Amino acid sequence: MSKKILFISQEIAPFVPETPMSVLGKEIPQTIFEFGYETRAFHPKWGNINERRNQLHEVQRLSGMNTIIDDTDHPLIIKVATLPSTKMQVYFIDNEDYFLKRLAACDREGVEYNDNYERAVFFGRSTLEITKKLRWHPSYVLCQGWISAVAPFLIKTVYKDEPAFCEAKVVTAINKLDITKPIPERFPHFLAFRNVDVDEIESYKMEFKNPRDIMKLALRFSDAAAIIEEDVDLELVSYAKQLGLPIIKIEPGNGRKEQTVKLTQLLESL
């Protein structure tokens, strides 16, 4: 039976414009798929994604449930497309409040959204719930970008006994942060879900102030880390080393196959 790999990605080209993150977001899962791994990806339905050109369509059987954050219901819409040149499915998380007609970290004038941390919680929770609903049990989960940063925490706490995630190993990508606003005081309340309450979250003794703290949360609950950009946050790299995480460096333009071999070797060693 082939190993299953779940990608939780902030950017995958060609659905969004090419950046170092989006190019690797496409090349790594594409090559891993070609290596014979069973792969799927989840991606936010940013407002600049052209549904017609990218052939997105809604999956009615997966849409319709609500994700509750801080006592507020947010309806979930799921759309799916195929990564060009492969048969790999990419699922898009959509919601009128968080993603409809809205871009990633900042709007078209470059103003950062105030609710980015809520959006990350919604995206992470929705991704894991849909993965469960698909009855798909990944062996590995690769998280890329701040929008995915809540997923490692959820996998290792709320979902740790779920058949879909109880054996999953998590790798978090370290890259340059594109969010700058402080984390709101109610962030632990956003995170609280099911059997994990605010008191337990606060018992982890983690600060939630600086925007890099959301990535520290991801690394704290990861099994390994991958550096994917040259201009990376060195404090996050240092934090990953303090945690004793295995770390590899993956660079765009240095040979897609060679980079993916490094990643698969890391995964198989976990």
Side-chain angles (χ1 to χ4, degrees), residues 1-10 12 15 25-26 28-45 51 54-69 73-83 86-95 98-99 120-145 147-172 191-196 218 221-224 263-264 267-268 270:
M1 183 182 296
S2 65
K3 293 290 183 70
K4 298 179 175 68
I5 302 182
L6 172 62
F7 290 87
I8 306 178
S9 299
Q10 182 169 312
I12 299 176
F15 302 110
K26 174 190 71 173
I28 292 175
Q30 179 178 322
T31 312
I32 283 182
F33 183 86
E34 293 168 356
F35 281 9
Y37 288 80
E38 188 177 335
T39 59
R40 294 182 180 181
F42 278 79
H43 194 292
K45 171 53 182 70
E51 294 191 32
N54 292 293
Q55 300 181 14
L56 273 66
H57 63 273
E58 186 174 347
V59 185
Q60 295 288 347
R61 68 184 179 90
L62 298 177
S63 298
M65 69 182 197
N66 285 0
T67 297
I68 301 173
I69 299 174
D73 281 2
H74 300 277
L76 174 61
I77 300 170
I78 300 296
K79 298 171 183 177
V80 69
T82 301
L83 187 67
T86 75
K87 295 181 180 179
M88 192 187 87
Q89 290 184 309
V90 181
Y91 293 88
F92 292 85
I93 301 293
D94 203 358
N95 169 266
Y98 292 131
F99 300 115
V121 175
F122 176 83
F123 178 67
R125 288 247 309 270
S126 300
T127 293
L128 301 186
E129 284 296 315
I130 294 302
T131 302
K132 278 179 51 184
K133 201 167 184 179
L134 289 167
R135 297 184 179 180
W136 198 73
H137 300 179
S139 306
Y140 308 106
V141 181
L142 277 66
C143 298
Q144 177 202 52
I147 195 69
S148 73
V150 173
F153 162 78
L154 292 171
I155 290 169
K156 299 294 187 176
T157 57
V158 177
Y159 293 88
K160 65 180 180 181
D161 296 320
E162 296 275 2
F165 297 104
C166 62
E167 297 183 2
K169 300 297 184 181
V170 180
V171 179
T172 290
L191 285 179
F193 182 49
R194 291 185 182 165
N195 58 321
V196 178
F221 291 91
S222 294
D223 298 287
L263 179 58
T264 55
L267 296 177
E268 297 291 350
L270 296 178

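Since we're looking at a predicted model, the values are computed, not measured.
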* Asked: Any side-chain heavy-atom pair from Leu134 and Arg40 closer than 4.5 angstrom?
  -> yes
* **Derivation and outcome, side-chain contact (heavy atoms from CB on, under 4.5 Å), residues Ile130 and Met65** => CA-CA 10 Å; Ile130 294 302; Met65 69 182 197; 3.8 Å; yes
* **Audit row: Met88, Tyr37, side-chain contact (heavy atoms from CB on, under 4.5 Å) steps and yes/no** => CA-CA 10 Å; Met88 192 187 87; Tyr37 288 80; over 6 Å; no
* Asked: Is the shortest heavy-atom distance from the side chain of Leu6 to the side chain of Trp136 under 4.5 Å?
  -> yes
* Structure fact -> d(Ile155 CD1, Ile8 CD1) to nearest 0.5 Å is 5.0 Å
* Just by distance, do the side chain of Ser222 and the backbone of Val171 share a donor-acceptor pair under 3.5 Å? -> no
* Which value, rounded to the nearest 0.5 Å, describes the distance between Ser126 atom OG and Lys133 atom NZ? -> 11.5 Å
* Would you call the rings of His43 and Phe92 parallel, tilted or perpendicular, where under 30° means parallel and over 60° means perpendicular? -> tilted
* Under the criterion side-chain contact (heavy atoms from CB on, under 4.5 Å), which of Asn95, Ile93, Leu62, Asn66 is the partner of Leu76? -> Ile93
* Asked: For Glu268, does the CD atom sit with more than 12 other heavy atoms under 6.0 Å from it, leaving out its own atoms?
  -> yes
* Asked: When the ring planes of Phe122 and His74 are compared, do they come out parallel, tilted or perpendicular, using 30° and 60° as the limits?
  -> perpendicular
* Residue pair Lys87, Phe33: steps toward the side-chain contact (heavy atoms from CB on, under 4.5 Å) verdict -> CA-CA 9 Å; Lys87 295 181 180 179; Phe33 183 86; 3.8 Å; yes
* Asked: Is the closest side-chain heavy-atom distance between Ile77 and Glu58 below 4.5 Å?
  -> yes
* So Leu154 and Arg125, side-chain contact (heavy atoms from CB on, under 4.5 Å) or not? Walk me through it. -> CA-CA 8 Å; Leu154 292 171; Arg125 288 247 309 270; 3.7 Å; yes
* Asked: Is the closest side-chain heavy-atom distance between Phe165 and Lys132 below 4.5 Å?
  -> yes
* **Salt bridge Glu129-Arg194, side-chain N to carboxylate O under 4.0 Å** => yes
* Specify the closest pair of heavy atoms between Ala164 and His137, including all atoms of both residues, with the distance to one decimal. => CA-CD2, 3.4 Å
* Supply the atom-to-atom distance Leu83 CG to Thr39 OG1, rounded to the nearest 0.5 angstrom. => 8.5 Å
* To do: Check whether any side-chain heavy atom of Lys45 lies under 4.5 Å from a side-chain heavy atom of Glu51, and answer yes or no.
  => yes
* Evaluate the side-chain proximity of Val170 to Phe221: yes if any heavy-atom separation is below 4.5 Å, no if none is. => no
* **CD1 on Ile28 to CZ on Phe7, rounded to 0.5 Å** => 7.0 Å
* **Ile5 side, atom CD1; Leu263 side, atom CG - distance, nearest 0.5 Å** => 7.0 Å
* Structure fact -> Rounding to 0.5 Å, atoms NZ (Lys156) and CG (Asp223) come to a distance of 3.5 Å
* Structure fact -> Closest non-hydrogen contact found for Asn54 with Ala81 is O-CB, 3.6 Å
* Structure fact -> Heavy-atom closest pair (Pro44 atom, Phe99 atom, distance to 0.1 Å) is CB-CE2, 3.8 Å
* Under 30°, 30 to 60°, or over 60°: which ring-plane class applies to Tyr159 and Phe193, parallel, tilted or perpendicular? -> tilted
